[in-house]
Every structure is written in structure tokens, then in C-alpha cells.
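Data block below; observations after.
As the structure is a prediction and not an experimental result, all values here were calculated from the model. Just so it is clear: chains get the letters A, B, ... in the order the sequence lines come, proteins before strands, and each one is counted from 1.
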2 protein chains.
Amino acid sequence: MTETPPPIQPPERKRRNASVTVNDVALLAGISAMTVSRAINTPDRLPPATLAKVQAAIAATGYVPNLLAGGLRSNKSRLVAALIPTLVSPVFNETVQALTSALRGYGYQLMLGQSGYAEPLEDELLGAIIGRRPDGIVLTGVVHSAEARRRLLASGIPVVETWDLSPEPIDMLVGFSHSAVAEAVCRHLHAHGRRRLAVIGGDDERAQRRSQAFVATALSLGLAEPWVQEVPAPTTLGSGRSALRDLRAQSTDFDAVFCSSDMLALGVLTEAQVLGIAVPTELAVMGFGDLAFARDLHPALTTVRIDGMQIGIEAARCIVDRVEGRAVPQRTIDIGFTIIERASV
Amino acid sequence: MTETPPPIQPPERKRRNASVTVNDVALLAGISAMTVSRAINTPDRLPPATLAKVQAAIAATGYVPNLLAGGLRSNKSRLVAALIPTLVSPVFNETVQALTSALRGYGYQLMLGQSGYAEPLEDELLGAIIGRRPDGIVLTGVVHSAEARRRLLASGIPVVETWDLSPEPIDMLVGFSHSAVAEAVCRHLHAHGRRRLAVIGGDDERAQRRSQAFVATALSLGLAEPWVQEVPAPTTLGSGRSALRDLRAQSTDFDAVFCSSDMLALGVLTEAQVLGIAVPTELAVMGFGDLAFARDLHPALTTVRIDGMQIGIEAARCIVDRVEGRAVPQRTIDIGFTIIERASV
DNA sequence: CTGAAAGCGCTAACAG
DNA sequence: CTGTTAGCGCTTTCAG
């Protein structure tokens, strides 16, 4: 196909109102607007001849259906909103990536919002989201604010909370237990002969929960109370390095450290190398997240794998199932976690 | 405020049609729908008394304006679409983050699409985007497909291409020159006494352009032709490690390597450490992107800083300016780049 | 299988 | 300052 681009008119002048509609297509194809609509939405139910006419007209006019209008009338926006704390930390990248792809497979689009780590889900953001009448809302973490829960519930929009567990999900939930993770990590370290533990954790709610459960497990195992170093979220390589220094300023009496993210763990690994601390012999290091780089570090990082992609896929499925009227088998899906044993312990 | 949550009704039953509208609010406030609309969109232009009545009614009914309907009528969706190759590589995170925040500041929302690195911007995705009638479209990279350019242009939607330069932008552009980056890096290495160069680059178009310009500059500087190792995009720590091994399988005759991403550079640093190659004495390493971790690596990574946040902010401003009818001063903004000298060279 | 009528919820445009 | 009317572009609904 030889393509001669048409003379390019400057896009300064908006011609939004001149946009072609179903009626233009219908006119050209010599049929009704309704049939054009059907040709687009349920092509199987039209005789091939009609379909062909419509498609020719669509091609000729360059018609692009206005999804706002369709959504208004049919009450289906084919839009799903996702709220994540931040894109700065790569923890949720996989989930967002999987969500985007999975939803697109179903014919839906993703709208992204950033909620921040600390705030209790501001009212304004919620209004902006609900106002778009998305067919579903995916939340990172569980919602604690009673006000936000009420608004979400009142909106009637399917909601999936993720990356956590809750005894009372707003609607659906795809996550895992942070305290179970921390307990498993602590037991893992203990089983590998580590007795004097430390934890470096972000100051966001879920990381704090992990730190607490880690401490509690250590105590129940009869170990000394672990040292706890808190760093601001989102966690970085730099904060991992300084956290290890800070920890050692307090005491050098620990032989294992659990980091609340792989980035933090990479920082600890880096600082250990600089300080000449042998990993894992002198110090065992564990991360959280199993980011892509964890396996390729030196030493390879023992960490907790959370299948972020799976979370995204399941969340998409939950919402689409609900929207299409299918029964959602279970309201809560615990996708669990896996401790990936590598060289750093 | 003591909050007694109302009895929670199960969200299974969708009550989307029961949603409250301007008319409900108007009725309750004893005024017209139009005034409710004005109370929401131009509150300053209403007498405080009226405004108060409306706000009371809104609070009482829990009204959330339907932005689909408003957008349909006013031809302003307050939605901006962004297309990025992938979320897997963290390179664009800052840009997306900044876009989201900046747009929200203007009262706009971001819709996210993933275009993949290779494909020439599929038709279907483009339709899904344009069909939503966003007020703007932000693209990562410049569009080469004539068909895509035409559709974008025909849509009349403001477009910002980013992360690259083009002699013929579709509309607006916020980026920098990849060949200028590579040339500067090569000269930098040369100025630091490196004579036998290598480059490890992703197989995406922009990375390839950097590799080529790097080679060309080396030749023009009278150096031997640099070794080139290509790795699949998105680039990872792991691919950086194996690339260095592969490079050394060919030859050990190089004293500097330019990596097309910081992740790749981290991989090279890691592998160098494992192989006992001293950085920077034996091997100088440069990255690209200046991700958050680059400064905290050991040795700290010399790299090219691209202000991804700035790109996001400028792109948002371009679109909002255009939508609100303000003149956009320049169609092309070259945000440039900076070589950040640290310890790895 | 196809079409006509009606209206989703909102706001532009124009009165008053 | 406020209200009325109309209609954005599509699809639901019902009737051929």
C-alpha cells in the first residue's frame, strides 16, 4: 500500500464538533444509525452483506465511535480505575502492567490515580474517580476510612482491594497476609540458624505491620527482640544503605536483616560490601517483592515473592466477571506468597 | 466527628440507574438543574446563599456528577491519555508519576495505555484511546507510522510526543536528542582518557539510535570502532550481567562501556565485581536515565540525567494550555540532558 | 433482521 | 443572577 499522507492541516484549530458520527456513517451506507451501532457491537448478528457496507462506510469516513456517548446511554464505561500509592517505587509496576494488559484483552481501559502512601484516600480523588462512572475500581491496600468505604459502597461500582487481606472487604479482594509473610520470614531466618535479628521497614502501614509481626514472631520463638529501623516510604537503595549504618550505630549484634522491599535489601547489600561485611556468612539479608533484579544480584537475594502480575490479572477478572453478570466464585482471593531461597541467607 | 456507618447493604445488586442526578439535587434545593451545574463548575459566580443551599443538597443526596454526561455535552472529557512502551522498565515511571500529579492539579485524569516497544502503535489501541475523546494524548517516543499520524491528526486531539526529538512532530513535543546524548557520553569517556570503547544497548529504536551515534562519534574521534552488544528491551540487571560476559567472550580489549539504561549499568557493575574487574580503574561504566538508585551505588554511577519528571510536567502543561485556549509558546521543547559525573568513570 | 423513537445526565445558548 | 430549551452521540426498547 503506497501511502501519500494528505496535506497536513495545522492541528491548532480544534474541529471536535466536525467529528463524524453514527449518522454520517449510516447515511453513507444507506442504512439506519442503529444498524451501524450493531455492526460495531454485535457484528456476528448481522448478515455479511450489511456488515460489509457498514465497514466500507466506516473506513471511508474514518469514523471512531464516541465511547463517552455510548457509555452514558448504556451505563457501561468500559473503564476501570486503579489507585496506587506511588509509581516511584516499582513494587506495583507488575500489577499495573498486568491490569492494563488484562483489561485491554477484555476491551476495557485503565484509568490511573495516585493516592499517596499516607493519606486516607482523599475525598476529592474519590469523586474524580466515581464521577467517571468506571465499571470497576481497583485499590491498592484495604480502605480504612469509614467515609471512603461508604462512598465506594454507595456508588454501586465493583471494587477490588488488593495487596492485603481484610476481614471486611468492601466488595472483592485479591491479596495476601502481610503478617503471615513476616512470620514466615522470621521462621525461615530462625531455621537457618540466625538468632539475632533486625528489620528495616518503610513507614507505610503495610510495612509496619510486617515489622511488628516479625518482632512478635521472633519473641514467640524465644529470640531477643529484633532491632527495628524505620525508613520513609517509598523505600530506596539509598535509604537501605543508611539504615544499615544507623542500625550498626546502635549495635552490631545482629546476624540477619529483613528488609521491607528488595530495593532496601539492595541498599543493605551494597553497604555491606562497602563495609566489608560478608553476606551471608556474617549477615543474612532478605528482601520483599522479588523484583526482576533480585535473582541477578550478587549474592542473589533471598526474598519473598509476591506475584504482582497475578494480582493484576485476578483483579481484572473479578471486575469483568461482575460487570458481565457472571457470578464471582469467592469474594476474597488469597494469592499467598513464596519464599525464594537464594544466596543471601 | 463520630461516624456511625449506615447498615451496609451488599454491593452485589447494581444500583447504577438509581444514581442521583442534578435534577434530584435541584429539586431538593428548590432551584433549577442549571444552577446546580453552575454551583459545581463556577461557584464564584453564584451568590453565597444559593451556593450554600446547593451544597447542602449535594451533601444530603451524596450526589457525584456524571463526568461522562458532562463531557459529552461540553466536549471536554478532562481526560488525558498516555501511551508508554512498558511499565516493566522503571525509566518512564517518573514521567507517568509527574503527569498524573500535574494533570490532577489541573483537574484532569490520566488514562494509561501500554504500546509495547516494538509495534508501530496498533490501530486498535489508537481507536480505544481516541474513542474516549481525551482532551490530550501523550506519546512516548515519536510516531513513525503514517497511518497512526494521520488518525491522530484527524482526531483533532492535542498530541504531545515525548522522550525524543523529531523534525516533524505531529503536534507538540517535549524531548531531547538521543544522538546528542550518545555523542556527549562518547566525548566524556574520551576526555577521561578512555580509548577502547564498548556499548551495551537495548534493541528498541531509541537505544539503537544512541548506540549508532556513540559508534559514529568514536570513529570521528579517531578511536577504534566500539564493540556493540545488543540486548532485548526492556533491559534488566540480568541482561547487563550477561552482556558484559558476552562482550568479554569477544574481546577484553575495552576500558569503558556505555549502557543504554541504569539497570543495565547496575548489571555491568555487578558482573564486574564478580569477575574482579576494578571500576573505574580497569573499566569505566556509564548508564542512562539517572534512576534514583544511581547515586547510591558503589561505585556511584556516572550517568546521563533525563528529567523525566520535567517531561511529564511540561507535557501536562502543553495540553492544558492548548485545551484552555492559551497559546503554546513553542511546539518543540528540548529539555536536554546532563551528564552526572560520579565515581564509575 | 432492521428501523424509529426516546432518553442517558449534563451543559451551551439564550432568554428573562 | 437564574431558568428554559434543546441536544451532545449513542444505544435501549419496542415495533415492524
Taking atom P of D:dC10 as reference, at what distance in whole Å does atom CG of A:Asn23 sit? 8 Å
For B:Leu28, enumerate each residue passing the side-chain contact (heavy atoms from CB on, under 4.5 Å) test, keeping only those at least two apart in sequence or located in another chain. B:Ala57, B:Ala60, B:Thr61
Output the rounded distance in Å from CZ (A:Arg73) to C1' (C:dC10). 15 Å
What's the angle between the local helix axes at either end of the helix from C:dC1-D:dG16 to C:dG16-D:dC1, using five pairs per end and rounding to 10 degrees? 30°
B:Ile130 CD1 - D:dG9 C1' separation (whole Å): 17 Å
Between A:Arg322 and A:Asp171, is there a salt bridge with N-O shorter than 4.0 Å? yes
Expressed in angstrom and rounded to an integer, what is the separation of A:Asp24 atom CG from D:dC10 atom C1'? 13 Å
A:Asp164 (side chain) donor-acceptor with A:Val142 (main chain) under 3.5 angstrom: no
Between D:dC1 (P) and B:Leu51 (CG): distance, integer Å: 12 Å
Quick one: is B:Thr50 getting a side-chain N or O under 4.0 Å of the D:dC1 phosphate, OP1 or OP2? no
If I take atom CE in residue B:Met34 and atom C1' in nucleotide D:dA6, what distance separates them, rounded to the nearest angstrom? 13 Å
Looking at the side chain of A:Ser74, which of D:dT11, C:dA4, D:dG9 is the nearest nucleotide? D:dT11
Is a donor from one side chain sitting under 3.5 angstrom from an acceptor on the other, for A:Gln97 and B:Thr86? yes
Interatomic distance, B:Lys53 NZ vs D:dC1 P [rounded to whole Å]: 14 Å
Does a sphere of radius 6.0 Å around CZ in A:Arg326 hold more than 12 heavy atoms from other residues, nucleotides or ligands, not counting ones at 6.0 Å or beyond? yes
For B:Ile31, which contact category applies under a 4.0 Å heavy-atom criterion: base, sugar-phosphate, or nothing? sugar-phosphate
Phosphate OP1/OP2 of D:dG9: any A:Thr21 side-chain N/O under 4.0 Å: no
For B:Gln310, check side-chain contact (heavy atoms from CB on, under 4.5 Å) against everything at least two apart and list the hits. B:Asp307, B:Glu314, B:Ile335
Is A:Glu324 salt-bridged to A:Arg317, going by a charged N under 4.0 Å from an acidic O? no
With B:Arg151 via salt bridge (Lys or Arg N to Asp or Glu O under 4.0 Å) - residues at least two apart: B:Asp123
Stretch residues 36-48 of chain B: residues that reach within less than 4.0 Å of DNA chain D through a heavy atom: B:Arg38, B:Leu46, B:Pro47
I'd like to know if the side chain of B:Ser115 and the backbone of B:Ile84 have a donor-acceptor N/O pair within less than 3.5 Å. yes
Which of the following nucleotides, C:dC10, D:dT4, D:dT12, is nearest to the side chain of B:Ala69? C:dC10
For DNA chain D, find the residues of residues 57-67 of chain A with a heavy-atom distance under 4.0 Å and give them by number; none if there aren't any. A:Tyr63, A:Pro65, A:Asn66
Report yes or no: does B:Thr140 contribute a side-chain atom to a donor-acceptor pair with the main-chain N or O of B:Leu83 at less than 3.5 Å? yes
Heavy-atom side-chain proximity of B:Glu161 to B:Ile170 below 4.5 angstrom: yes
Answer yes or no: is there a donor N or O on one side and an acceptor on the other, between the side chain of B:Arg78 and the main chain of B:Gly107, under 3.5 Å? yes
Minimum-distance nucleotide to A:Thr35 side chain [options: C:dG3, D:dC10, D:dG3]: C:dG3
Interatomic distance where CG belongs to B:Leu27 and C1' belongs to C:dC10 [whole Å]: 17 Å
